[in-house]
Structures are given as structure tokens and as C-alpha cells.
Amino acid sequence: MRLSKYFLPTLKENPGEAQVISHRLMLRAGMIRQSSAGIYSWLPLGLRVLKKIEAIVREEQNSMGNQEILMPTIQPADIWRKSGRYDDYGPEMLRIIDRHERDMLYGPTNEELVTEIFANSIRSYKDLPQLLYHIQWKFRDEIRPRFGVMRGREFLMKDAYSFDINSEEARCSYNKYFIAYLKTYASLGLKAIPMTADTGPIGGNMSHEFLIIADTGESEIACHRQYLEMDLSCQDIDYNQDLQPVIHRYTEKYAATDDKRDPAIEKALGDDVRTARGIEVGHIFYFGTKYSEKLGAKVSGPKGEEIAVEMGSYGIGVSRLVGAIIEASHDDKGIIWPKAVAPFKVGLINLNISDRDCTVACEKAYNDLDCAGIEVIYDDREARPGAKFADMDLIGLPWQLIVGPRGIKTGSVELKNRISGEREEISMESALTRLLD
RNA sequence: GGCCGAAUGGUCUAGUGGUAUGAUACUCGCUUUGGGUGCGAGUGGUCCCGGGUUCGAUUCCCGGUUCGGCCCCCA
């Protein structure tokens with residue numbers, strides 16, 4: 001991609017509307033623009049990151065044996081009346097009336113809808129378990145949207161639902177998601193700590209939140225210091241093994257969000273307690289038959305008896321993760337993308353496009369990288385070197401390949417690692433070799 | 001849903017009961033060419049919207065909207 005043709009409207013100054021760092025950087029890096037309160041358009045650079053995160057989330061969901069579906073954004077009010085949540089949800093639910101005066105709503109979540117689909121289609125215990133998920137836009141009409149995409153009204157969420165014949169089986173499903181979430185965060189380059197959580201309006205009796213630690217996090221958390229050092233990536237965990245001991249390992253130590261903190265436990269732990277700011281990036285619930293009873297999601301058991309299925313739901317805020325990753329990974333110059341979600345791998349900077357040798361070298365490098373399938377953005381704009389450096393640092397690609405007339409004369413280019421800040425003067429050949437790895 | 005504050009070119013701002021300051025951005029020219037270069041010229045504002053007070057409101061008052069800080073809620 002040539003920067004001279006790419007829609008990348010970067011800003012030199014911080015827009016006054018944005019206070020938190022990820023919001024500022026996303027606006028400045030030309031990733032998003034606000035449409036109305038808590039509702040954003042995604043520009044090319046932002047959309048690339050969003051799609052990468054979505055793909056990583058999807059991949060792990062598929063690996064754990066979950067099946068992707070796609071439910072609509074607009075839902076009928078009827079099923080919400082059946083579950084009792086049409087009135088419970090309150091003004092956070094965006095209600096719509098269609099031309100036939102039917103009550104509709106922009107879905108804030110999908111328990112009712114997925115339960116209805118299940119109820120209309122599955123009749124036998126032999127067809128269980130079923131694990132379904134989708135990645136779809138949701139709407140919650142927050143009174144005070146803020147923090148950019150971290151707390152928007154419209155947001156992209158992966159929500160998954162499990163259907164099991166009994167609570168033991170449901171627990172197995174729950175455990176799979178638990179592990180899948182840890183794997184997903186690790187793939188994203190994040191460390192998210194599982195914490196016991198309130199079940200909130202979803203209801204139920206078992207729930208965990210996953211939080212990443214960031215100075216600018218919205219809530220205060222406390223946890224055993226071991227969580228900060230522990231490897232939570234779960235890379236060698238197979239979904240078919242007994243997951244209970246694994247879950248136990250990751251949940252036995254103290255870890256609590258602000259409202260669940262226990263002074264007595266913290267006092268007993270003494271020096272082992274760490275407090276920090278955290279951002280919630282996932283939440284899983286086991287809630288039994290709350291929706292299956294009300295919406296008639298029942299199957300025939302082995303003896304022909306009717307059994308309401310045991311359910312759970314599992315959410316990851318995909319659009320929120322874009323902001324959360326930035327909160328966890330940036331410096332005073334801009335974003336520092338983890339490799340897995342970086343919009344491009346390499347930023348190729350031509351320091352002087354009117355210098356023939358320099359431009360020839362850049363064009364060749366651009367071609368070589370592009371043909372090798374490396375995601376590269378080539379700054380071929382007619383601009384000052386300073387502006388190019390500043391923009392490239394701002395958008396935070398893992399590698400910068402800096403090519404200028406001065407270096408070309410002696411056959412060298414500069415390879416800069418945005419994460420470590422390390423710069424090396426090396427030959428173009430060895431730079432390309434490194435990038436092609 | 002409750003409390004508090006803010007809103008002035010694309011962006012960041014100064015200021016004012018008599019239509020507005022500076023910077024940045026953008027365009028053109030020259031300059032410069034390894035960390036937002038320098039000089040000159042130009043472009044760009046129903047001073048958030050509606051109502052009220054006033055001869056006159058961007059300024060004062062009321063309401064709304066949007067933004068920000070708390071409570072609440074939350075992926």
C-alpha cells in the first residue's frame with residue numbers, strides 16, 4: 001500500500017473531545033471518526049486492526065469446536081417479553097417501531113434470539129451439546145458513552161452460547177470457553193487475568209471476567225501477585241482433556257474486580273496482593289435454565305422426559321479490544337501494535353522521493369516485500385522526513401524500514417523496531433531478509 | 001436516571017453586549033531534505049442549535065444537543 005494513495009488522515013494535535021489515550025491515538029492515527037455519541041466509523045487503518053482481532057477471535061472459537069452463525073442486529077420485542085427482559089433492560093435498550101407498528105429493538109445481546117433458534121430446531125438430547133457464536137454489532141444506549149471505542153454505544157462483540165443436557169456438561173462447555181479466551185488473549189499479545197465476577201443482568205450462578213492490566217483502566221482490581229507473573233497462554237492445552245484442573249490452576253488464587261474485593265482476604269495475603277487498573281475484555285456466564293425455561297428450549301431426554309437445556313453465554317468485546325490493546329501498548333509517540341494485530345508489518349519510509357537512487361531502492365524494497373506477501377505500507381509522500389517519522393511512530397507498525405539518500409550512498413538502510421526502539425544500520429539485503437522471516 | 005464543567009476556521013486556542021485573536025492545517029511560490037524546516041502570499045468561522053432579554057447576543061438568561069469529569073451500567 002502506498003501512503004500517497006491511502007486514506008490515512010492523521011492529526012498532529014489531540015482533539016479536545018478525547019481524554020483517554022487510546023481514544024486520542026485512534027483519532028490521531030486516522031483509525032476512526034465519530035459519527036454520533038458513542039458511534040464510530042472505522043477508517044481503513046482502524047478497520048484492518050478490527051478485522052485482525054476479529055479473525056483471531058474467530059479462529060480460536062472454531063478451534064474449540066464452536067460453530068459460527070450470524071444473527072440480525074434488529075430483533076423483535078416479543079422474545080424479550082417472554083424472557084422478561086424487555087422491561088428489565090430499561091432505557092439502555094434502543095427500541096424501534098417498524099411501519100406495522102411492531103415493537104423491535106437493536107439487540108444489546110442475543111440470549112433470547114439464539115435460544116429461540118435452538119428451541120425451534122433441536123429436539124433431542126442426542127443433539128447436545130451445541131455451541132454457537134456470532135460476531136455482530138450490538139447497541140447499548142449508554143447515557144454517557146466515553147473512552148472512544150472502549151465504551152461506545154455501538155460495538156462489535158463476539159457472543160457465544162452453549163446448550164447442554166445437564167449442569168456437568170454445561171460446566172465442561174464453560175471450561176472450554178474459559179480456556180479459549182485465555183488462548184485468544186495470548187494470540188492477541190495480551191495478558192488477561194480471569195477474575196470471579198458478578199452475573200449482572202444476564203443472571204446465573206457462575207461467571208468470570210477477563211481483565212487486562214493498564215494504567216488507564218476503568219476499574220481498580222486486586223489480585224495475587226502470581227497472576228502478574230503467571231503464563232496464562234494455555235498453549236499446550238487440548239480441549240478434549242479434563243479442563244477442570246487447568247481452570248483450577250488459573251482461578252485458585254485471589255483475583256477480584258473492585259466490587260468483589262475482600263479486605264479480609266487481602267489482609268491475610270499481605271505482601272502478595274497487587275492492586276492495578278484493569279480493562280474488562282471478556283465475560284463468561286453460566287446461567288442454567290433461565291432462558292431455556294421461558295423460551296421453551298427443551299429437549300427429550302433418554303427416557304422421553306422433557307428437559308430444559310442448561311445454557312451459558314460468553315462475550316468478547318472485539319471493538320473494545322482495539323482500544324484496550326492501545327491502552328496496554330503505547331508510548332508518548334503513539335501506538336505500539338503487538339505483531340498479531342498490527343495493521344501492517346512494515347512501514348517503508350522514503351526520506352526523499354526526489355532522490356533518484358533512494359526512490360529506486362525504495363520501489364524495489366516495496367515490491368520485494370509486497371510480492372512476498374508481507375504487509376507493507378510505503379510512505380512515498382512528498383513530505384518532510386520529520387513528518388514521516390512522526391506519522392510512522394504514531395501508527396505504530398512493528399518495523400520501520402528507513403531509506404534515505406545518505407544511507408543509500410554507503411549502501412545502508414535503517415531498520416527500526418517500534419517495540420524495542422532498537423535501530424540498526426544494515427544493508428538493504430539483510431534488512432529485507434529479516435523482514436521476510 | 002442524578003451531580004458538575006465545557007462548546008469560537010479541519011485541529012488547538014485568545015477574546016468580546018457592536019460579526020472575532022493567534023497557532024497549526026490546507027493551497028501556491030521560494031527555501032530546506034535524516035526526527036512535525038524557514039520565509040512570503042492565499043484559503044478557511046450562520047463564535048453548537050432553538051427560544052428569551054436587548055436598539056443590537058458569539059458574549060447574559062432558559063431549554064436542547066454534543067463533549068468531558070463523577071455516580072450508575074457494561075463486552
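Below, chain A is the first sequence line, B the second, and so on; all start at residue 1.
The interatomic distance linking A:Arg24 (CZ) with B:C67 (P) rounds to 17 Å, in whole Å. Taking atom CZ on A:Arg384 and atom P on B:U31, their separation rounds to 14 Å, with Å as the unit. The CZ-P distance, from A:Arg153 to B:U65, rounds to 11 Å in whole Å. Rounded to an integer number of Å, the gap from A:Glu92 CD to B:G1 P is 10 Å. Taking atom NE2 of A:His208 as the reference point, atom C1' of B:A75 lies 17 Å away to the nearest angstrom. Atom-to-atom, CG of A:Leu351 to P of B:G34 comes out at 8 Å; the value is rounded to the nearest Å. Put simply, CG on A:Asp141 is 15 Å from P on B:C74, counting in whole angstrom units. The CD1-P distance, from A:Ile279 to B:A75, rounds to 15 Å in whole Å.
The same atom, P, is picked in B:U8 and in B:U58; the two are 15 Å apart, to the nearest Å. Separating the C1' atom of B:U21 from that of B:G44 is a span of 15 Å, rounded to the nearest Å. Separating the P atom of B:G63 from that of B:G2 is a span of 13 Å, rounded to the nearest Å. Comparing the P positions of B:C47 and B:U11 gives an interatomic distance of 15 Å, to the nearest angstrom. Annotation: B:U46 and B:A6 have their P atoms spaced 24 Å apart (nearest Å). Taking atom P on both nucleotides, B:G22 is separated from B:U16 by 16 Å, rounded to a whole Å. Comparing B:G15 with B:C67, their P atoms are spaced 25 Å from each other, to the whole Å. B:G52 and B:A7 are spaced 23 Å apart, taking the P atom of each and rounding to whole Å.
In this entry B:A6 has B:U66 as its Watson-Crick or G-U wobble partner, both defining distances falling under 3.5 Å. Here B:U53 sits opposite no nucleotide as a Watson-Crick or G-U wobble pair (both hydrogen-bonding atom distances under 3.5 Å). Here B:A14 sits opposite no nucleotide as a Watson-Crick or G-U wobble pair (both hydrogen-bonding atom distances under 3.5 Å). With a cut-off of 3.5 Å on both pairing distances, B:U59 has no Watson-Crick or G-U wobble partner at all. Base pairing annotation: B:C73 forms no Watson-Crick or G-U wobble pair, as no partner gives both donor-acceptor distances under 3.5 Å. Across every strand in view, B:C39 sits in a pair with B:G29 that passes the Watson-Crick or G-U test at under 3.5 angstrom.
Across all strands shown, A:Phe210 has no heavy atoms under 4.0 Å from either base or sugar-phosphate atoms. Within 4.0 Å (heavy atoms only), A:Gly148 reaches no atom of the nucleic acid at all. Note on A:Glu414: a base of the nucleic acid sits closer than 4.0 angstrom, heavy atoms only. At the heavy-atom level, A:Gly282 lies under 4.0 Å from the strands shown only through sugar-phosphate atoms. Residue-level contact check: A:Glu13 touches the bases, meaning some heavy atom is under 4.0 Å from a base atom. Counting any heavy atom pair closer than 4.0 Å across all strands shown, A:Glu142 reaches a base atom. The residue A:Gly90 sits apart from the nucleic acid: no heavy atom pair falls under 4.0 Å.
In the set B:A75, B:G68, B:G35, the nucleotide with an atom closest to the side chain of A:Asp393 is B:G35. Considering only the side chain of A:His23, B:G68 comes nearest among B:G1, B:U66, B:G68. Residue A:Ala387 has its side chain nearest to B:G36 when only B:G36, B:G34, B:C67 are considered. Nearest to the side-chain atoms of A:Arg146 among the listed nucleotides B:A75, B:G34, B:C70 stands B:C70. Here B:G35 is the nucleotide among B:G35, B:G36, B:A75 with the atom lying nearest to any side-chain atom of A:Lys333. For A:Ala37, whose side chain is taken as the heavy atoms from C-beta onward, the closest listed nucleotide among B:U66, B:G34, B:G69 is B:U66. Of the listed nucleotides (B:G34, B:G1, B:A75), B:G34 has the atom at the smallest distance from the side chain of A:Pro385. Residue A:Asp391 places its side chain closer to B:G36 than to any other of B:G36, B:G35, B:A75. Across B:C12, B:C74, B:C67, the shortest atom-to-atom separation from the side chain of A:Arg320 is found for B:C74. With B:G35, B:C67, B:A25 as the choices, the nucleotide that has an atom nearest any side-chain atom of A:Phe389 turns out to be B:G35.
Neither OP1 nor OP2 of B:G69 sits under 4.0 Å from any side-chain N or O of A:Gln19. A close approach under 4.0 Å does not occur between any side-chain nitrogen or oxygen of A:Lys12 and OP1 or OP2 of B:G36.
Here A:Tyr286 and A:Tyr174 keep their ring centres 6.0 angstrom or further from each other. A:Tyr6 has its ring centre less than 6.0 Å from the ring centre of A:Phe344. The six-membered or imidazole ring of A:Tyr314 lies away from that of A:Phe178, with a centre-to-centre distance of 6.0 Å or more.
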Could you go step by step and tell me if A:Leu401 and A:Leu432 meet the side-chain contact (heavy atoms from CB on, under 4.5 Å) rule? CA-CA 9 Å; A:Leu401 180 56; A:Leu432 291 177; 4.2 Å; yes

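No donor-acceptor contact under 3.5 angstrom links the side chains of A:Ser292 and A:Thr289, judged on distance only.
Geometrically, A:Arg95 engages A:Tyr86 in a cation-pi contact, judged by NZ or CZ lying under 6.0 Å from the ring centre and within 45° of the ring axis. Judged by the 6.0 Å and 45° rule, A:Lys290 forms no cation-pi pair with A:Phe285.
For B:U19, the base is syn relative to its sugar; the glycosidic angle is within 90° of 0.
If you find the closest nucleotide of RNA chain B to A:Phe147 and to A:Val413, the one lying nearer the 5' end belongs to A:Val413. Between A:Ser36 and A:Ser354, the residue anchored nearer the 5' end of RNA chain B, judged by the nucleotide with its closest heavy atom, is A:Ser354.
Within a 6.0 Å sphere centred on CG of A:Asp98, other residues, nucleotides and ligands contribute more than 12 heavy atoms.
At a cut-off of 3.5 angstrom, the base of B:C73 holds at least one donor-acceptor pair with the side chain of A:Arg151.
A:Glu112 has no carboxylate O lying under 4.0 Å from a charged side-chain N of A:Lys82, or vice versa, which leaves the two without a salt bridge.
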